[in-house]
Number of protein chains: 2
Amino acid sequence: MPTKKIENSDGRLRHTARSVTLESVARLAGVAPTTVSRALNHPEKVAAKTLSRIQDAIASTGYVPNLLAGGLASSRSRLIAAIVPSIANLVYAETIQSFTRRVRESGYQVFLGETGYDPDAEEELVVTVLSRRPDAIFLTGIHHSATCRQRLLAAGIPIVETWDITPTPLDIAVGFSHSRVGHSVAAYLHDRGHRTFGVASADDPRARLRNRAFTAELAERGIDKVETSYLSPVSSLELGRRALADLLAATLTPIAVFCSSDTVAQGVLVEAQARGLASPEDVAIVGFGDQNFAAFTYPALTTVKIDRVTIGERSAEALLARLDDEPVEENVVDVGFEIIARQTA
Amino acid sequence: MPTKKIENSDGRLRHTARSVTLESVARLAGVAPTTVSRALNHPEKVAAKTLSRIQDAIASTGYVPNLLAGGLASSRSRLIAAIVPSIANLVYAETIQSFTRRVRESGYQVFLGETGYDPDAEEELVVTVLSRRPDAIFLTGIHHSATCRQRLLAAGIPIVETWDITPTPLDIAVGFSHSRVGHSVAAYLHDRGHRTFGVASADDPRARLRNRAFTAELAERGIDKVETSYLSPVSSLELGRRALADLLAATLTPIAVFCSSDTVAQGVLVEAQARGLASPEDVAIVGFGDQNFAAFTYPALTTVKIDRVTIGERSAEALLARLDDEPVEENVVDVGFEIIARQTA
DNA sequence: ATGAAAGCGCTAACAC
DNA sequence: GTGTTAGCGCTTTCAT
């Protein structure tokens with residue numbers, strides 16, 4: 001590591017070795033700093049000769065613009081904050097990936113904040129994240145504490161809430177109705193003749209919404225008892241295994257189990273097999289998410305398909321429109337969902 | 001959205017509504033801005049009464065520090081950049097997650113850059129990322145273009161290269177030897193009696209290292225032909241299926257296949273089953289990564305376990321030590337690996 | 001097409 | 001323990 005403290009000519013201790021700045025590039029190119037700034041941000045406004053001289057200077061010095069300074073001066077950080085429950089969950093990672101790719105085309109960088117599925121973490125995270133002065137913010141979910149909403153609104157930047165919809169978004173919402181998912185899955189299973197039901201779920205607010213609707217739909221169809229297992233907010237195969245064990249301790253087979261994710265569903269399937277139970281005969285299973293392994297479990301997983309890439313893209317487009325002061329035609333985008341009937345239910 | 005342009009009292013058009021600044025908090029608390037800054041960064045150096053007055057002022061104004069300004073003034077952004085091939089790959093996501101958690105304890109925020117497995121993307125990404133003036137940088141892999149190395153070194157910040165090791169790191173390396181993995185897997189399979197081999201691999205430099213060593217070890221054991229299929233840099237189940245199809249077009253069963261990831265391995269397994277081939281009898285399979293589903297495929301996947309969380313933690317610790325000017329005892333950390341023998345090989 | 005001046009919001013050195 | 005002064009490196013009027 002190069003040493004970072006040097007003595008300046010004036011004898012004062014500086015923090016960093018004097019690095020290449022806009023000014024040093026300007027001196028080298030024989031122009032004013034302003035002109036270099038223009039060459040970088042509005043090259044069309046600089047004479048071709050000047051431009052190439054500046055570009056040479058940049059290349060020969062290895063100048064890297066300081067976006068902390070640029071952002072401070074212009075009040076535009078070219079940063080977009082994204083708050084997600086977990087980056088180690090493919091479902092969110094794929095949305096973030098498509099979102100990131102799309103906004104990068106317009107020169108924005110995305111930085112992530114992870115709540116770790118802790119609802120209280122969001123409040124603190126929002127402050128941390130706003131302190132970087134993002135130009136826009138991407139949130140997961142539509143439930144935020146009052147303080148949170150207030151801070152978010154006070155920031156005065158475009159906001160997109162994702163993975164859920166609401167008639168009253170903070171600004172823009174891109175997602176689907178979890179309640180409709182719950183109703184649809186209940187109807188699907190009931191229509192296929194299932195009469196005993198269970199829910200194997202991660203303890204996450206959106207999963208709860210689906211489960212509540214699932215139970216409500218079944219109640220309407222005369223089924224008043226739905227065993228539900230909530231073990232942890234983090235989806236895992238292990239959680240699915242334990243959930244099925246829980247359900248079977250309370251209810252008999254055959255049972256139809258609605259899971260909060262495909263990973264949990266895979267765990268349910270594994271546990272069923274370990275107990276010598278067949279799917280769908282003894283344990284019917286519906287997953288959620290349609291991750292890429294869902295089609296390849298044995299038997300193949302019936303699940304609810306969510307278009308994660310579209311959520312990312314539509315969110316990006318909506319935010320970019322706001323940032324460009326373009327009209328946003330619809331501020332609530334429902335990307336829908338689809339039940340993919342495979343073998344487990 | 002609140003409007004962003006307002007007319008100031010002096011009649012000049014400002015970019016943002018005058019927001020709450022350190023200065024306004026200071027005025028409210030009846031102290032100098034410096035004191036507020038101190039209250040925030042070195043609260044122990046401020047009198048208790050003053051401190052609480054300042055905290056009240058902060059609370060009542062909803063002040064959120066501007067870290068662009070703070071970073072510019074102090075030359076410490078409290079930002080760490082992490083460059084990864086893909087965020088939608090659990091293997092990297094889990095490392096980043098543990099890394100992020102660890103450095104956050106020391107007040108750093110991590111922002112990600114994604115190369116999309118494109119080796120040329122790194123060069124451009126490094127510049128983009130350095131323009132945010134991170135205090136340290138986390139890289140995936142040890143292979144970087146000359147320009148890249150130079151820019152990285154010129155930044156004068158701590159660097160950790162991960163997922164591989166080298167005797168000559170840019171600064172610090174935390175990973176394991178891919179070549180040793182290749183040799184070990186070859187030995188493992190050969191020792192168990194396999195004599196026909198194939199490689200189903202994503203086209204990624206670290207996978208290539210493993211494959212080369214795998215082939216070399218087998219050559220030493222008298223096996224001079226190892227069919228290898230490279231189809232895409234992105235691991236997917238589909239890629240595994242196509243890879244096995246490729247291999248079987250060139251070689252007969254029984255075959256032992258070394259895969260570049262568990263996902264690819266699962267694809268190989270699925271394809272084998274689709275063709276009515278049994279594992280390990282007809283197609284022996286070794287995966288890579290030991291992801292959580294590996295123990296639950298049928299038959300369960302034999303694979304190479306990598307401790308992704310440890311890579312993240314050790315990287316974080318090394319970087320934090322550098323940032324605190326503490327001595328880093330070892331600048332090359334080998335976290336090792338382990339072959340997990342299950343059923344497919 | 002280019003430059004001079006002012007300032008973004010904060011921290012750091014130094015004095016008191 | 002607190003305040004004063006001087007920037008950090010850039011962008012933005014406004015003038016030429």
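Lettering of chains follows the sequences in order, A, B, ..., and the numbering in each one begins at 1.
In this structure, of D:dG9, C:dA4, C:dC10, it is C:dA4 that holds the atom nearest to the side chain of A:Ala32. Side-chain proximity of A:Ser74 to C:dA12, D:dT12, D:dC10: nearest is D:dT12.
Atom P of nucleotide C:dC8 and atom CG of B:Leu22 are separated by 13 Å, given to the nearest angstrom. Look at CZ on B:Arg132: it is 14 Å from C1' on D:dG9, rounded to the nearest Å. Here C:dA12 presents its C1' atom at 15 Å from CG of B:Leu40, a figure rounded to the nearest Å. Computed from coordinates, the B:Lys49 NZ to D:dT2 C1' distance equals 15 Å when rounded to whole Å. In this structure, CG of A:Leu67 is placed 14 Å from C1' of C:dC8, rounded to the nearest angstrom. Per the geometry, CD belonging to B:Glu23 stands 9 Å off C1' belonging to C:dG9, to the nearest Å. Following rounding to the nearest Å, A:Arg27 (CZ) and D:dC10 (C1') show an atom-to-atom distance of 15 Å. The CZ atom of A:Arg38 sits 10 Å away from the C1' atom of D:dT12 (whole-angstrom rounding).
Distances shown here put a side-chain N or O of A:Asn41 below 4.0 Å from the OP1 or OP2 atom of D:dT11. Remark: A:Thr35 is in phosphate contact with C:dG3, judged by side-chain N or O atoms under 4.0 Å from OP1 or OP2. For D:dG1, neither phosphate oxygen OP1 nor OP2 lies less than 4.0 angstrom from any side-chain nitrogen or oxygen of B:Thr50.
There is a side-chain donor-acceptor pair under 3.5 Å between A:Tyr108 and A:Arg76.
B:Arg132 CZ: more than 12 foreign heavy atoms inside a 6.0 Å radius.
Using a cut-off of 4.0 Å between Lys/Arg side-chain N and Asp/Glu carboxylate O, B:Glu330 and B:Arg314 are scored as salt-bridged.
Place A:Gly70 and B:Leu51 on DNA chain D by their nearest nucleotides, and B:Leu51 ends up nearer the 5' end. Of the residues near DNA chain D, B:Pro33 and B:Arg133, the one whose nearest nucleotide (by heavy atom distance) lies more toward the 5' end is B:Pro33. Between A:Glu44 and B:His42, it is A:Glu44 whose nearest contact on DNA chain C lies nearer the 5' terminus.
Contact annotation: side chain of A:Thr34 to base of D:dT11, donor-acceptor pair absent below 3.5 Å.
In summary, of the residues considered (B:Phe138, B:Phe99, B:Trp163), a ring pair (Phe, Tyr, Trp, His ring centres under 6.0 Å) with B:Tyr92 occurs for B:Trp163 alone.
When heavy atoms are screened at a 4.0 angstrom cut-off, B:Ala69 is found touching base atoms of the nucleic acid. At a threshold of 4.0 angstrom between heavy atoms, the contacts of A:Arg76 with the nucleic acid are absent.
Counting heavy atoms from C-beta on, the side chains of A:Pro43 and A:Val46 never come closer than 4.5 Å.
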